Amino acid sequence: MAKSRWEWFHQLASPKSFYEKTTRWLPWLGFLAVTLLLVGAFWGLAVAPEDAKQGNSYRIIFIHVPAAFLALAGYYMMAIAGAIGLIWKMKLSFIAMRSAAVIGAALTFVSLFTGAVWGKPTWGTYWVWDARITSMLILFFLYLGVIALADAFERRESGNKAAALLALVGTVNIPIIYKSVDWWNSLHQPATIKLTSAPSMDMSMFVPLLVMIAGFYAFYAYVLVKHMRAQSLQSERQKQWVKDTLLGE
Amino acid sequence: MRLSMLAKRDFTLFWRNKSDVSNALIFFVVAISFFPLGVSPDATILGPISVGLIWIVALLSVQLGLDSLFRDDYEDGSLEQLALSETPLALIVLVRLLVYWCCVGLPLSLLSPLLGLMLSMPSEAYGTLIVSITLGTLYLTAVGAVGAALTVSLKRGGMLLSLIVMPLYTPILIFGASSVTFAADGMNADGLLMVVFGLTVLSVSLAPLAISASLRMSLENG
């Protein structure tokens, strides 16, 4: 009984059936992501009112905040995928981990970059060693470390396991790093700019932001699946099913 | 009994390869002496940044020798023997970490006041400096050894090792350096030293588990 109940799970765990299953629903996921992002972007950039203090420059929040959100959530996604791979020796899970690492690093970079662009008009500087910014930068380094370690091994499986372990060590450290950076800032230089003390958001701005966050989640899922599909093909390139898929039956 | 034999073996090995240990200490002194040349020999400039400089260079020095922590044992096969023995690998690793720390971390912390003097660090800070570097190097050894264990089967793991462990060093650098800065400013640094101590206890108790898992993985991959 228990076996049949989990069959779908085990099937999904093989790169082949993952590839086949996602072929069907991937377009729908893409459609959802594009719709949410278009609606959110239009709402946020054109409909939402100007900010009283920051004028139009605040509108970058509609990209900055969702990207930062997913950059953080993505680390845990990566670590959990790595842990599942280590425990159940699931190939697909390692594939998910590697994809999450690359996408997470990209999103962290996006949030740092948009933050810098936003910082110039509002704070008058591209970079401040503020606690939140600094911990994002360290998160970026953590992602780079996982990616570099995963790619350093000749055998793919060795890289998978090593990167998964590093990602897990990172999960213990991320809260500590976050707290330490937070303290460090408040100890030495009383924060001159506080993100939290910005005027609390009006609903007309908050709702499009929520739409954008949902859109980013859908987009994240879409890119993750896309990236995993590409990796499935690459890592199984010796197998017959890949030849069948790529060469058209 | 067994563990004491292991400790003796590790000490002997470190003693025979003195260069690994002495390189770290020489690096510490040389790198510190570059700052007056590169920044300014002026005591009013060096004094305020001396704490950070000593902490950062101590961090790099500890890391310098970590790459060789398991490498020789891995290459000549004795690591495999250790992994097969009845003693838990995590305990064996813990002994190795402590021995490494005795050979590198302790001398570093004893040297640090001398360098603080040369960088005109305020005299109130020396006690805190020694305590924080002593504890901090233990943390750096334990966390860095995770990276060393992960990269031991790679031919050129050294560069990668620093990339993967440096971000994890952030907390100890922040708390360690700010405890000394506190003391230098004439404030009570006990609270911060407690945090450093807590981090050290956490790392020394958890890291051996991660290290032994990584080593087993590296052996499997061989």
Side-chain angles (χ1 to χ4, degrees), chain A residues 75 79 82-83 85-87 89 94 101 105 108 129 131 134-189, chain B residues 51-52 139 142-147 149-179 181-182 185 187 189 191-192 195-196 198-199 202-203 205-207 209-222:
Chain A
Y75 191 91
L86 279 184
I87 296 165
K89 308 214 176 346
F94 285 130
T108 316
W129 289 98
T134 312
S135 55
M136 271 322 251
L137 184 67
I138 293 164
L139 182 71
F140 185 56
F141 294 152
L142 282 169
Y143 271 126
L144 292 186
V146 173
I147 295 171
L149 187 64
D151 289 342
F153 290 82
E154 254 170 59
R155 282 181 52 215
R156 212 181 147 79
E157 303 88 74
S158 320
N160 285 342
K161 286 186 194 164
L165 235 155
L166 181 64
L168 282 175
V169 173
T171 36
V172 181
N173 262 280
I174 279 195
I176 302 178
I177 291 173
Y178 196 83
K179 269 275 142 280
S180 64
V181 177
D182 225 19
W183 278 27
W184 158 71
N185 196 39
S186 59
L187 280 177
H188 279 281
Q189 44 187 72
Chain B
V51 173
Y139 175 99
V143 173
V146 180
L150 284 171
T151 54
V152 76
S153 61
L154 295 170
K155 292 231 162 48
R156 299 181 168 274
M159 203 53 213
L160 191 62
L161 167 66
S162 31
L163 176 65
I164 63 180
V165 297
M166 293 282 228
L168 305 176
Y169 282 169
T170 319
I172 200 74
L173 175 64
I174 289 173
F175 289 115
S178 42
S179 68
T181 310
F182 255 51
D185 293 345
M187 285 183 279
L192 283 165
V195 178
V196 172
L199 286 174
L202 193 71
S203 67
S205 51
L206 289 182
L209 301 172
I211 295 166
S212 65
S214 319
L215 285 177
R216 283 189 199 283
M217 213 178 272
S218 301
L219 288 172
E220 258 173 55
N221 298 333

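Reminder, nothing fancy here: chain letters follow the sequence lines and each chain counts from 1. This is a predicted model, so every value here is computed, not measured.
Among Leu137(A), Val172(A), Thr134(A), Ile138(A), the residue making the largest number of heavy-atom pairs under 4.5 Å with chain B is Ile138(A). Most heavy-atom pairs under 4.5 Å with chain B: of the set Ser135(A), Ala148(A), Ser158(A), this distinction falls to Ser158(A). Of the listed residues Val195(B), Val143(B), Leu154(B), Thr170(B), the one with more heavy-atom pairs under 4.5 angstrom with chain A than any other is Leu154(B).
For a residue to count as touching a neighbouring chain, one of its non-hydrogen atoms must lie under 4.5 Å from one of that chain's; by this rule Leu168(A) does not touch chain B. Residue Leu161(B): no heavy atom, backbone or side chain, is found under 4.5 Å from chain A. Of the atoms belonging to Leu168(B), heavy atoms from both backbone and side chain fall under 4.5 Å from chain A. Contact of Ile172(B) with chain A is not made at all, since no heavy-atom distance falls under 4.5 Å.
Taking OG of Ser153(B) as the reference point, atom CD of Glu220(B) lies at 11.0 Å (rounded to 0.5 Å). With rounding to the nearest 0.5 angstrom, the CD1 atom of Ile164(B) is 4.5 Å from the CG atom of Leu149(A). Between Asn173(A) atom CG and Leu139(A) atom CG the span is 12.0 Å, to the nearest 0.5 Å.
Using a 4.5 Å heavy-atom cutoff, the side chains of Ile174(A) and Leu142(A) are in contact.
Legend: ring-ring contact (aromatic ring centres under 6.0 Å, His included) pairs involving residues 143-164 of chain A, not counting sequence neighbours, sorted by first then second residue: Tyr75(A)-Tyr143(A).
In this structure a side-chain-to-backbone donor-acceptor pair under 3.5 Å is missing from Thr108(A) to Met136(A).
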